[in-house]
Structures are given as C-alpha cells and as structure tokens.
Amino acid sequence: MRMTNLLLPTEREAPADAEALSHILGVRAGLVRQLGAGLWTWLPAGWRVHQNVVQIIREEIDAIGGQELLMPVIHPRELWRRTGRDQIDELFKLQDRRGSELVLAMTHEEAVTFHVSQIVRSYRELPMILYHFQTKGRDEPRPRAGVLRTREFIMKDSYSFDRDPAGLDESYAKHELAYDRIFDRTGLEWYKVDSDVGMMGGTGAHEYMAPCPAGENDVALAPGYAANVEIASAEPQPVAMPAPRSAPEEIATPGMTTIEAVAAHLGVPAGALLKAYPVVKDDGAMTLVVLRGDHRVNDIKLTNHLGQGFRPAQEDEIAERIGPAGYIGPVGSQLQVLLDAAIADHPSGGFVAGANRPDMHLEGVEPGRDFAFERADVRRVEEGDTVGGHAIRIEPAIEVGNIFKLGTRYSEPLGATYLDEQGAEQLIWMGSYGIGPARIAAAAIEQYADEKGISWPRALAPWQVHLVGLGKDGTPERDAAEVLYAELQGAGIDVVYDDRQTGPGEKFAEAELLGCPLRLTVGRRTLEDGLVEAQGRRGRTELRAVPLREGAAQAVDALLREQP
RNA sequence: CGGGGCGUGGCGCAGCCUGGUAGCGCACCUGCUUUGGGAGCAGGGGGUCGCCGGUUCAAAUCCGGCCGCCCCGACCA
C-alpha cells in the first residue's frame with residue numbers, strides 16, 4: 001500500500017477527550033475515529049489489525065471443528081421473551097413501521113438455539129460447534145476508553161451443542177485449547193481466570209484477561225492462581241488478636257461509630273473488630289453479614305452465597321431490628337448471622353463487636369460461643385492475602401474473551417432437543433464462547449506502546465514492513481525504494497510504502513506512531529553501498545542493513561521472523 | 001441514574017467575566033527554497049461560535065430550555 005493512496009489521518013496531538021492510551025494512540029495513529037458515544041469507525045489501517053485478529057480466531061476455531069455462519073443483528077423480541085432476557089437494560093429495543101417489537105442482539109444464544117431446535121433431530125448430528133463474527137449492540141450505561149467499551153462492536157461468538165454434560169465438558173475443553181492458541185498467537189500478555197457465571201446462569205466459566213492500565217476488571221494473581229476478584233478467594237493476612245476472655249465484657253466507646261475510631265481507642269488492630277453489615281435480601285428477610293474490621297464485602301460473592309440479590313439495610317431498619325447504627329453486632333441479635341470465612345476459620349475469643357446499645361462495644365467476643373453463625377466466604381480479597389502460601393497481587397486487566405458452560409439454560413426454553421439412541425427426547429447441552437477482536441487490538445496497543453507510539457506484535461500489525469523512501473520523486477533513493485517496494489510485494493510481504501513528498505522527520509515519526517514491526521529506510525546514506533537500513537520497532541533496535549538487489553526480499557523476510 | 005467538566009474551521013486552544021471586527025498554533029491549497037528526525041519564506045482557502053428561544057440598537061459573550069461529548073461512581077451477557 002502506498003501512503004499517497006492511503007486514508008491514514010494521523011494527529012500530532014491527542015484528542016482532548018481521550019484518557020486511555022489505546023484511545024489516544026488509536027486516534028493519533030489513524031486507526032479509528034469516533035462517530036458518537038461508544039460508536040467507532042475502523043479506518044483502513046485499524047481494520048487491517050482487526051481483520052488480522054479475526055483471521056487468527058477463525059483458523060483456530062475451524063481447527064477444533066467449528067463451522068462459520070452468519071446470523072442477523074435484528075431479532076424478533078419474542079425470541080428473547082422466551083428466554084426471559086428481553087428485560088435486560090442493556091438490550092436495545094426497537095419497533096418497525098408496523099409496530100413489531102424487535103431487539104438488537106447483544107449475543108446470539110437465542111438465535112442459534114432457535115435454529116438448532118428446528119434443525120437438529122438426532123443424536124447422530126451432535127456434537128456441533130457453530131460460530132460467527134457479528135456486530136453486537138449494547139445499550140451501555142457508560143461507554144468508555146475508546147474502543148474498549150462500546151455500544152456496538154464485533155464479537156466472535158461460538159456455541160457448542162452436545163448430547164450430555166460429558167460432551168459439553170469436551171467441547172469446553174476444545175475451546176480452552178483453541179483460546180489458549182489464539183491468545184498465544186496474538187502476542188498479547190494474557191491469562192485465564194476463574195470467573196463469575198453472572199446473570200447468564202450456567203455451571204462454569206473462565207475469562208481470558210489481558211493486563212493493561214485501562215482495564216476494567218481487577219484480577220487476583222499468585223503463582224498457579226488467577227481469578228477475577230469478583231470471585232477470588234484467599235487466605236487472609238493474620239491479625240495480632242487481643243487476649244481472649246471467658247465472656248464478652250462491655251466497654252464504653254462514646255461517639256465512636258467507625259472501625260478506625262474504636263480500634264484506635266482500644267489499641268487493637270482493625271482486624272480484631274467484627275464489622276456488622278446488615279442486608280435486606282430480595283425475599284425481604286434481613287441478614288447480618290459479619291466481616292473482619294479490615295475487610296470489605298464482595299457483593300458478587302455475597303449474592304452467589306445468598307442465591308438472591310440484596311441491598312444494604314437502611315438506618316431506620318437497622319435501628320428497629322438490631323440496634324443503633326455504629327454499635328450493632330452479632331451478639332444477642334435475632335438475625336441470621338453470616339460469618340465471613342476469614343473469621344470463622346481463625347477462631348479467637350478476643351474479638352471486639354458492637355453491643356447493640358448506644359456508645360457501647362463488647363470485648364472478648366468468641367464466634368460460636370457468643371453467637372451462632374453460618375460460615376460464608378463473602379469478602380473481597382486484598383493484596384497480600386495468600387493462596388498456597390504465595391501472596392497475591394491485584395492488577396487491572398481487560399476481558400478479551402470468555403468461555404461458558406450454559407448447560408440447558410437456552411435449550412430448555414427454546415425447545416432444543418434431540419432423540420437419543422433409545423428414541424427418547426433429550427435436551428441439548430450448550431456452551432457459549434466469546435472473543436472481542438477490538439479489545440485484543442486495544443490491549444496490544446496498551447501493553448506494548450512506548451513514548452513514540454504503538455508497537456504491534458507481528459501477528460497483529462497492519463503491515464509487516466514500513467518502507468520509508470527518502471528524497472523526492474526522481475532521486476536515486478526514491479527509484480531504489482520503488483524497486484524494493486515492488487520486490488517485497490512480489491514476495492508476498494505486507495508492506496506500507498511512504499512515498500509522500502514530506503520530510504524525513506515526519507516519515508520516521510509516523511512510522512513509529514503506526515508501529516509496524518520492521519522499518520526499512522532507503523536513503524542516500526547507505527544507497528551508495530547498495531544497502532537499505534532496517535530498524536525493529538520493538539525497542540527501536542538498530543538492525544543490520546540488507547542488500548538492495550540480491551535477495552532483498554529473503555533478507556527482509558528473515559529479519560521479520562526475528563521480530564516479536 | 002448521582003457527581004464533575006467541556007461544546008468556537010479537520011485537530012489542539014484563546015476570546016465570554018466587562019455585549020459592538022471571530023483569533024492563534026498545527027493541518028490544508030499555490031509558488032519558490034529545503035530533504036536523515038514532525039523544515040523556511042511569501043501568498044491563500046475554510047468557522048450559521050452545539051441547537052432553540054429570550055433580553056438588547058447589537059449576542060460566541062447575558063438569561064432560559066434542550067442536545068451532544070468526556071471523566072469519576074453506580075451499572076456491565
């Protein structure tokens with residue numbers, strides 16, 4: 001591609017409203033442009049990157065037997081009503097001119113299951129993997145960070161159909177294999193984490209995460225352990241507990257309604273306090289969640305444990321049912337007590353808790369002896385907690401893919417069944433597996449950018465070679481660049497050729513901004529020796545010059561193979 | 001949905017408080033010079049100042065309403 005024929009609107013300055021690095025560089029390098037909030041156009045160079053990701057995914061899903069097809073973006077709302085998902089806030093709803101109810105698909109479980117329910121009749125047709133690359137619509141409450149969280153984006157989603165749970169496990173394992181290969185091939189730094197099954201329902205799930213500063217998820221990591229903090233569990237850091245007592249004793253704590261104030265007043269660590277967090281469940285019952293004073297509740301883990309949603313109790317409800325806010329505790333409470341595992345697993349008779357009376361706390365509280373409880377792991381893990389003896393660290397990451405065991409969540413409401421060998425009707429067991437190519441591209445920008453711009457992994461780069469021709473039209477160096485350009489193209493190497501009539505500084509700066517792995521420079525300096533300069537983008541390494549005529553393409557190809 | 005900020009040529013901004021000529025840098029066009037790190041000189045084109053209404057002789061500027069966009073939080077199959 002000649003740059004004189006390429007729509008590559010680079011910018012010297014960052015757009016005023018951009019914050020995330022992938023947003024700034026994506027716009028500055030001319031890869032993407034914004035149309036509206038969370039609505040992005042992929043310009044030619046950016047689209048090449050996107051297509052590179054798509055092709056890697058296609059090859060690896062094909063390799064596990066996936067069959068590519070294409071399903072519509074607009075669906076009849078009735079289909080979504082059947083699975084109960086038409087009430088999701090993020091679902092775009094619309095009507096046609098006759099008033100028919102439609103939705104913009106946010107995923108394609110309904111559509112693919114609808115077809116399979118009509119087409120598949122026999123166990124002989126299973127297992128099966130279907131997939132497509134299709135635009136998804138999501139009425140996001142807050143699109144952000146450029147291409148990272150948008151209202152419309154392309155997703156690869158595949159769906160597996162099996163006879164039974166064992167078959168699903170196999171299809172799931174195939175996808176794990178394919179995904180591991182895909183993310184390895186992209187050149188990203190990535191890891192696979194245990195994840196929450198969320199409102200999709202289902203029996204098991206993993207997320208593929210790419211660490212990057214603009215990431216929206218926090219991931220807990222230790223050697224041999226990786227989990228989304230939404231579900232992460234870890235051994236708490238120890239607390240120097242006060243001496244136990246044979247029975248709780250009241251102590252005056254006037255005006256001290258915070259953990260910090262009570263701990264400071266009594267001279268004990270915050271972790272020696274029992275933090276009482278009353279919640280009202282969706283069924284209306286109130287539960288007292290008790291955590292260590294230095295810990296925080298994890299809403300998702302608590303929801304999963306309760307098996308239903310909840311909200312924090314209001315102050316008047318607390319006053320009526322338990323005691324004065326700031327002084328409540330589990331001792332003497334009539335409520336069901338959920339005791340966090342960090343406390344339950346480390347028994348002590350030295351805890352401090354609210355006394356359920358104004359300005360009073362209790363010292364020497366012992367769970368079990370002084371109050372009954374149900375154990376539950378519902379806290380958010382903290383940096384420094386341990387898993388298998390190793391301290392965990394928590395870092396931001398962006399979710400670039402997920403794999404999910406759906407079970408019969410969709411086959412049941414949509415009637416996707418088959419006849420088994422005995423002629424009995426059975427539900428099909430399903431899995432769904434998503435990847436966001438745009439997020440992979442954005443994560444690659446974030447992970448590898450330097451002060452000069454983007455530095456693509458070779459597999460994603462819009463072009464493998466950025467050929468810079470110095471001098472103006474008609475000079476020997478430009479003639480030589482033309483010859484080299486033709487030769488590289490002839491050898492099947494993806495090359496973008498800067499044939500513009502601009503100064504060398506601008507050409508070099510834009511080459512580094514765009515971030516192709518290998519830059520070749522044809523200039524007077526080395527031309528007289530019949531050589532072309534080669535520089536690797538990653539680390540801006542100076543590489544040996546390559547001969548211009550004899551075997552130039554082979555030499556360039558060899559250099560490319562050395563690039564990351 | 002709560003909090004904060006911003007809408008002025010393609011991009012980045014000033015002007016608004018104190019009403020009266022729309023301005024700067026980059027980019028763009030023409031010519032000449034320049035060509036190994038975002039060049040120089042000269043000339044030139046381009047903006048209903050987000051939209052609607054109000055006040056006024058006069059509104060980018062003051063007042064009211066609306067829309068759009070960004071950031072933090074809530075939310076996020």
Side-chain angles (χ1 to χ4, degrees), chain A residues 7 9-20 23-24 27-28 30 33-40 80 83-92 103-110 136-146 148-151 153 155 157 159 195-202 205 207 214-217 228 230 299-300 309 311-312 398-399 401-404 406 409-410 432-434 436 452-453 468-478 498 500-513 519-527 532-533 535 540 542:
Chain A
L7 178 67
T10 55
E11 295 291 342
R12 201 178 296 205
E13 295 180 74
D17 53 19
E19 202 96 333
H23 184 183
I24 293 170
V27 172
R28 282 196 56 213
R33 276 286 166 106
Q34 185 171 17
L35 190 63
L39 302 171
W40 288 83
W80 288 68
T83 59
R85 292 212 300 169
D86 70 317
Q87 296 303 325
I88 293 173
D89 289 335
E90 283 77 28
L91 187 65
F92 272 114
V103 301
L104 292 187
M106 49 197 300
T107 61
H108 282 76
E109 281 83 2
E110 280 81 0
K136 312 294 170 189
R138 302 216 178 155
D139 192 356
E140 290 287 350
R142 184 156 101 79
R144 59 177 293 274
L148 235 36
R149 182 162 213 92
T150 54
R151 295 195 291 176
F153 60 97
M155 177 163 112
D157 40 328
Y159 303 93
S195 78
D196 181 46
V197 294
M199 64 196 280
M200 296 271 291
E207 289 167 338
E216 299 184 300
N217 294 93
N228 195 317
E230 291 175 349
D299 288 357
I300 292 171
R311 62 172 173 83
I398 185 72
E399 180 187 352
N402 61 36
I403 55 179
F404 210 96
L406 294 173
R409 165 73 179 81
Y410 293 89
S432 82
Y433 316 88
K452 296 285 187 181
V468 174
L470 297 179
K472 52 185 169 184
D473 281 348
T475 58
E477 54 266 38
R478 285 298 282 274
D498 194 343
R500 297 172 304 167
Q501 299 269 26
T502 54
E506 190 173 343
K507 292 184 176 183
F508 293 144
E510 292 204 353
E512 279 150 1
L513 179 59
R519 188 182 90 202
L520 299 178
T521 307
V522 183
R524 216 179 294 166
R525 193 185 279 172
T526 55
L527 186 61
V532 177
E533 282 172 68
Q535 187 185 66
R540 300 174 70 217
E542 285 294 346

Polar atoms only, N or O, under 3.5 Å: list the protein pairs with nucleotides 13-16 of chain B and their distances.
none

Please state how far atom CZ in A:R142 lies from atom P in B:G73, giving the value in whole angstrom units.
7 Å
Starting at atom CG of A:N402, determine the distance to atom P of B:C76, rounded to an integer number of angstrom.
15 Å
With the side chain defined as heavy atoms from C-beta on, A:E512 is closest, among B:G37, B:C75, B:G38, to B:G37
Under 4.0 angstrom between A:Q34 side-chain N/O and B:C70 OP1 or OP2
yes
Pairs under 3.5 angstrom, nitrogen or oxygen only, protein versus nucleotides 23-33 of chain B, please.
from  : atom 1 : to    : atom 2 : distance (Å)
B:G25 : N2     : A:E13 : OE2    : 3.4

Closest to the 5' end of RNA chain B, once A:T502 and A:H23 are matched to their nearest nucleotides, is A:T502
Does any donor-acceptor pair link the side chain of A:E533 with the base of B:G36 at a separation under 3.5 Å?
yes
Can you say whether a donor on the side chain of A:E510 sits under 3.5 Å from an acceptor on the base of B:G38, or the other way round?
yes
pair A:E207-A:N228: side-chain heavy atoms closer than 4.5 Å:
yes
Tell me whether A:E477 is salt-bridged to A:R524, with the criterion being a basic N under 4.0 Å from an acidic carboxylate O.
yes
Nucleotide N/O to protein N/O under 3.5 Å, stretch nucleotides 43-46 of chain B:
none

